[in-house]
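Taking it in order: structure first as structure tokens, then the write-up.
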Amino acid sequence: MKTRRGTDFARIYHIMLESYGPQGWWPLLRRAGQPGFDEEGYHPGIEPELHTTDRFEIAVGAVLTQNTSWKNVRKALRNLNDYFRISGTGLSPEAVCEIGRESLAELIKPSGYYNQKAGKLMILGSFFAGLQGIPEREELLNLWGIGPETADSILLYAFDRPVFVIDAYTRRIISRIDGSDLDASDRVYHRLQETIQEALPGDPLIYREYHALLVEHAKSRCMKRAPICDDCPVRSMCNFVVQIL
DNA sequence: CGCCAGGTGGGAT
DNA sequence: ATCCCACATGGC
């Protein structure tokens with residue numbers, strides 16, 4: 001429940017960066033295969049200049065990945081990009097508004113919750129179609145289907161705002177490291193976000209990398225069915241390791 | 001097989 | 001304020 005003070009978030013970041021290397025988030029499927037981008041759209045080591053279409057693709061991906069694996073989201077994004085490329089418009093807010101909820105649902109089916117998410121994407125498209133400049137966090141939160149994590153992902157990865165994204169992986173890893181029990185409430189979200197933001201410089205590039213590193217650490221090691229604590233880069237700082245010794 | 005993934009909103013207590 | 005549930009596909 002309570003984050004133990006004293007957990008060294010800056011040190012964890014540096015250790016994970018050293019151990020796993022730059023992650024190249026947020027993946028941009030539309031630019032996959034271009035110089036600096038791998039086949040899945042990751043761009044480790046380079047910070048691409050974002051175009052308007054990239055920002056929208058990131059926002060769409062942020063909605064589609066709600067409680068859903070990126071593997072499934074990638075299929076849905078591929079469908080969207082392919083469909084709108086062939087139709088000539090490319091994936092744009094206007095195109096998403098005009099295609100119709102049914103067709104949209106069909107395209108994003110692999111990402112799950114496709115009826116709900118089709119509705120969310122139409123609202124998102126309508127918002128982006130009228131958007132000028134950078135959205136306020138409150139504006140995003142007022143959209144049906146956008147909660148704190150989705151809003152912060154959009155702000156951080158699409159608009160370079162220095163906000164740290166708290167996701168399920170982050171909560172669970174931090175819970176293990178500092179021996180706390182962080183739930184999914186808005187209050188804990190805010191508290192953990194503030195704590196981490198105070199521990200690190202307000203640099204969007206660092207916040208992006210850190211979040212991506214935590215996800216990598218979770219997927220490859222900490223949140224596997226049987227956690228791999230052998231040779232864990234943060235083993236010496238982790239309360240969970242101590243418990244199972 | 002069963003479990004769960006880069007959450008959110010709505011409704012009941 | 002806090003729980004409980006619906007939403008849904010595909011990978012492991």
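The figures here come from the full heavy-atom set of this structure, side chains too, leaving out hydrogens, waters and symmetry mates. No experiment lies behind these values; they were computed from the predicted model shown.
Atom CG in A:D183 sits about 8 Å away from atom P in C:dC3, given to the nearest Å. Between A:I166 atom CD1 and B:dG7 atom P the separation is 12 Å, expressed in whole Å. Nucleotide B:dG9 holds its P atom 13 Å from the CG atom of A:L124, rounded to whole Å. Remark: P of B:dG10 and CD of A:Q66 are 13 Å apart, rounded to the nearest angstrom. Protein atom NE2 of A:H190 is 19 Å distant from nucleotide atom C1' of B:dG7, rounded to whole Å.
Between A:A32 and A:E39, the closest heavy-atom pair is CB-O, 3.4 Å. Shortest non-hydrogen contact noted between A:P27 and A:E40 is CB-O, 3.8 Å. Contact record, A:N79 with A:L107: ND2-O, 2.9 Å, taken as the closest heavy-atom pair. Between A:F159 and A:G133, the closest heavy-atom pair is CE2-O, 3.8 Å.
Residue A:T65 places none of its side-chain N or O atoms closer than 4.0 Å to OP1 or OP2 of B:dG7.
For residues 56-97 of chain A, the ring pair (Phe, Tyr, Trp, His ring centres under 6.0 Å) pairs, not counting sequence neighbours, are A:W26-A:W70, A:F56-A:F128.
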Under 3.5 Å, which donor-acceptor pairs link side chains of residues 136-155 of chain A to any protein atom two or more places apart or in another chain?
unit_1 : atom_1 : unit_2 : atom_2 : d
A:R137 : NE     : A:D152 : OD1    : 2.7
A:R137 : NH2    : A:D152 : OD1    : 3.4
A:R137 : NH2    : A:D152 : OD2    : 3.0
A:E139 : OE1    : A:E136 : N      : 2.7
A:N142 : ND2    : A:E138 : O      : 3.3
A:T150 : OG1    : A:Q66  : NE2    : 2.9
A:D152 : OD2    : A:Y189 : OH     : 2.7
A:D152 : OD2    : A:Q193 : NE2    : 2.9
A:S153 : OG     : A:E149 : O      : 2.9

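Residues forming a side chain to side chain contact (heavy atoms under 4.5 Å, CB included) with A:A184 (at least two apart in sequence, or on another chain): A:R171. Looking at residues two or more places apart in sequence or on another chain, you find a ring-ring contact (aromatic ring centres under 6.0 Å, His included) between A:F164 and A:Y207, A:Y210.
Heavy atoms of A:R74 sit nowhere under 4.0 angstrom from any nucleic acid atom.
Remark: the separation of the P atoms in B:dC1 and C:dA8 is 24 Å, to the nearest Å.
A side chain to side chain contact (heavy atoms under 4.5 Å, CB included) with A:R78 holds for exactly one of A:L80, A:N81, A:D82; it is A:D82.
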Task: Summary of protein contacts for nucleotides 7-12 of chain C, nucleotide by nucleotide, where a base hit scores B, a sugar-phosphate-only hit scores S (4.0 Å, heavy atoms) - done: BBBSSS
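Of the residues in residues 141-149 of chain A, those with a non-hydrogen atom less than 4.0 angstrom from any atom of DNA chain B are A:L143, A:W144, A:G145, A:I146, A:G147, A:P148, A:E149.
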